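Before we start, here is the structure in question, set down as structure tokens.
Treat the numbers as computed from the prediction; the structure is a model and nothing was measured.
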Amino acid sequence: MKSTKTLAFALLPVFIAACTTVGKPYPFPHDGEPSAELEVRGNDVYLLTLNHKGCYTGKTHVEGGPGAQPVRVVPDVPLVISYEENVCMMPATFTPKKDTRYRLIAAEGPRLPAADESFFQTLWHVHERQCRVGVAEVDTDGKPLKPVKVTELRPRQTGVACIRFR
């Protein structure tokens with residue numbers, strides 16, 4: 001009996017990692033409620049859930065690969081996403097508007113050289129990676145209309161059980 005409990009406890013992280021939601025799920029709008037539409041392209045992202053004090057309470061996985069379906073998100077409040085892939089962990093935010101469609105692209109790639117870097121300085125950083133998240137407002141045919149400002153966030157421990165993003 002003790003070995004069964006030990007095995008179940010040891011496998012708990014595996015079961016949690018396999019879930020599409022960790023902690024409190026993102027509050028997707030129901031039919032008839034105001035919403036915006038978010039299509040994720042490139043790599044998958046997470047929609048972060050924050051409580052009324054702005055503390056992290058969970059995350060919900062959203063697919064971004066070919067054939068991924070758009071999701072409806074809550075409009076007119078900051079949407080906090082987290083791109084987590086390989087060396088990337090990039091939380092970011094933007095505020096979607098009601099009845100508007102957005103395309104979010106999350107990607108990882110080589111670090112782009114700075115404009116004032118010499119050729120040799122570029123070689124020094126050749127193995128460095130960078131994370132990118134971009135959002136554009138799109139029309140009903142999926143054609144980009146205009147870019148949306150995305151703000152990169154940093155997590156901060158602000159209490160014993162509170163992580164906020166600023």
Side-chain angles (χ1 to χ4, degrees), residues 1-65 68-98 100 102-112 125 127-137 147-166:
M1 180 79 168
K2 185 176 181 182
S3 65
T4 304
K5 286 182 181 178
T6 304
L7 178 62
F9 185 72
L11 291 176
L12 185 61
V14 173
F15 293 126
I16 290 173
C19 295
T20 59
T21 299
V22 176
K24 185 176 179 186
Y26 179 78
F28 292 104
H30 299 299
D31 289 340
E33 292 181 337
S35 67
E37 188 174 276
L38 180 69
E39 173 190 5
V40 178
R41 292 264 181 105
N43 294 317
D44 300 355
V45 297
Y46 291 95
L47 302 182
L48 301 187
T49 307
L50 308 176
N51 66 16
H52 66 281
K53 294 180 182 178
C55 301
Y56 169 83
T57 59
K59 64 183 182 180
T60 302
H61 179 255
V62 177
E63 291 184 24
Q69 295 298 310
V71 295
R72 291 179 34 200
V73 295
V74 178
D76 304 320
V77 295
L79 177 66
V80 181
I81 61 104
S82 182
Y83 171 44
E84 302 172 16
E85 184 86 20
N86 299 320
V87 300
C88 294
M89 178 155 182
M90 183 180 169
T93 188
F94 77 99
T95 302
K97 294 183 236 169
K98 180 182 172 189
T100 306
Y102 298 93
R103 179 174 298 139
L104 181 145
I105 299 176
E108 174 189 354
R111 183 181 77 85
L112 299 174
H125 300 288
H127 295 292
E128 291 180 9
R129 309 289 290 168
Q130 68 180 359
C131 309
R132 294 279 187 201
V133 172
V135 176
E137 192 175 312
V148 174
K149 182 178 183 199
V150 177
T151 304
E152 187 175 349
L153 301 172
R154 299 277 182 236
R156 293 189 186 245
Q157 186 84 33
T158 59
V160 174
C162 182
I163 297 172
R164 290 188 183 170
F165 295 87
R166 300 190 194 272

Checklist entry - Got L47 and F28 here, is their nearest side-chain heavy-atom distance under 4.5 Å? => result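 They are in side-chain contact.
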Checklist entry - Residues two or more places apart in sequence or in another chain: which of them pass salt bridge (Lys or Arg N to Asp or Glu O under 4.0 Å) with D31? => result R72
Sequence neighbours left out, cut at 3.5 Å: what donor-acceptor pairs do the side chains of residues 157-166 make with other protein atoms?
from	atom 1	to	atom 2	distance (Å)
Q157	NE2	G159	O	2.5
Q157	NE2	V160	O	3.2
R164	NE	K53	O	3.2
R164	NH2	K53	O	3.2

Checklist entry - Does the side chain of V62 reach to within under 4.5 Å of the side chain of Y46, using non-hydrogen atoms? => result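 They are not in side-chain contact.
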Checklist entry - Which pairs, with at least one residue in residues 72-94 and sequence neighbours excluded, count as a ring-ring contact (aromatic ring centres under 6.0 Å, His included)? => result F94-Y102
Checklist entry - Looking only at heavy atoms, what is the nearest atom pair of L48 and Y56, with distance? => result CD2-CE1, 3.9 Å
Next on the checklist: Which heavy atom of V74 sits nearest to which heavy atom of P27, and what is that distance?
Outcome noted: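 Closest pair (atom of V74, atom of P27, distance): CG2-O, 3.4 Å.
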Checklist outcome for this item: When every non-hydrogen atom of P34 is compared with those of P75, the smallest separation belongs to O-CD, 3.4 Å
Item to check | Which residues share a salt bridge (Lys or Arg N to Asp or Glu O under 4.0 Å) with R154, sequence neighbours left out | outcome: E152
Checklist entry - Can you find a heavy atom in the side chain of L79 that is under 4.5 Å from one in the side chain of Y26? => result yes
Checklist entry - Which atoms form the tightest heavy-atom contact between V73 and P96, and what is the distance? => result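 Where V73 meets P96 most closely, the heavy atoms are CG2-CG, 4.0 Å.
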Checklist entry - Roughly how far apart are L50 CG and T57 OG1, rounded to 0.5 Å? => result 6.5 Å
Checklist entry - Which heavy atom in N43 sits nearest to a heavy atom in A107, and how many Å separate them? => result ND2-CA, 3.8 Å
Item to check | salt bridge (Lys or Arg N to Asp or Glu O under 4.0 Å) partners for E63, two or more places apart | outcome: none
Checklist entry - How many angstroms lie between CD in E137 and NZ in K97, if you round to the nearest 0.5 Å? => result 5.0 Å
Checklist entry - Which heavy-atom pair separates T49 from K24 by the least distance, and what is that distance? => result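 Where T49 meets K24 most closely, the heavy atoms are OG1-O, 3.1 Å.
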Checklist entry - Does any pair with a residue in residues 36-52 pass salt bridge (charged side-chain N to carboxylate O under 4.0 Å, His left out), and if so which ones, sequence neighbours excluded? => result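 Found E37-R101, E39-R41, E39-R103.
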Checklist entry - Can you tell which of M90, E85, R132 makes a side-chain contact (heavy atoms from CB on, under 4.5 Å) with E108? => result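 Of M90, E85, R132, side-chain contact (heavy atoms from CB on, under 4.5 Å) with E108 is met by E85 alone.
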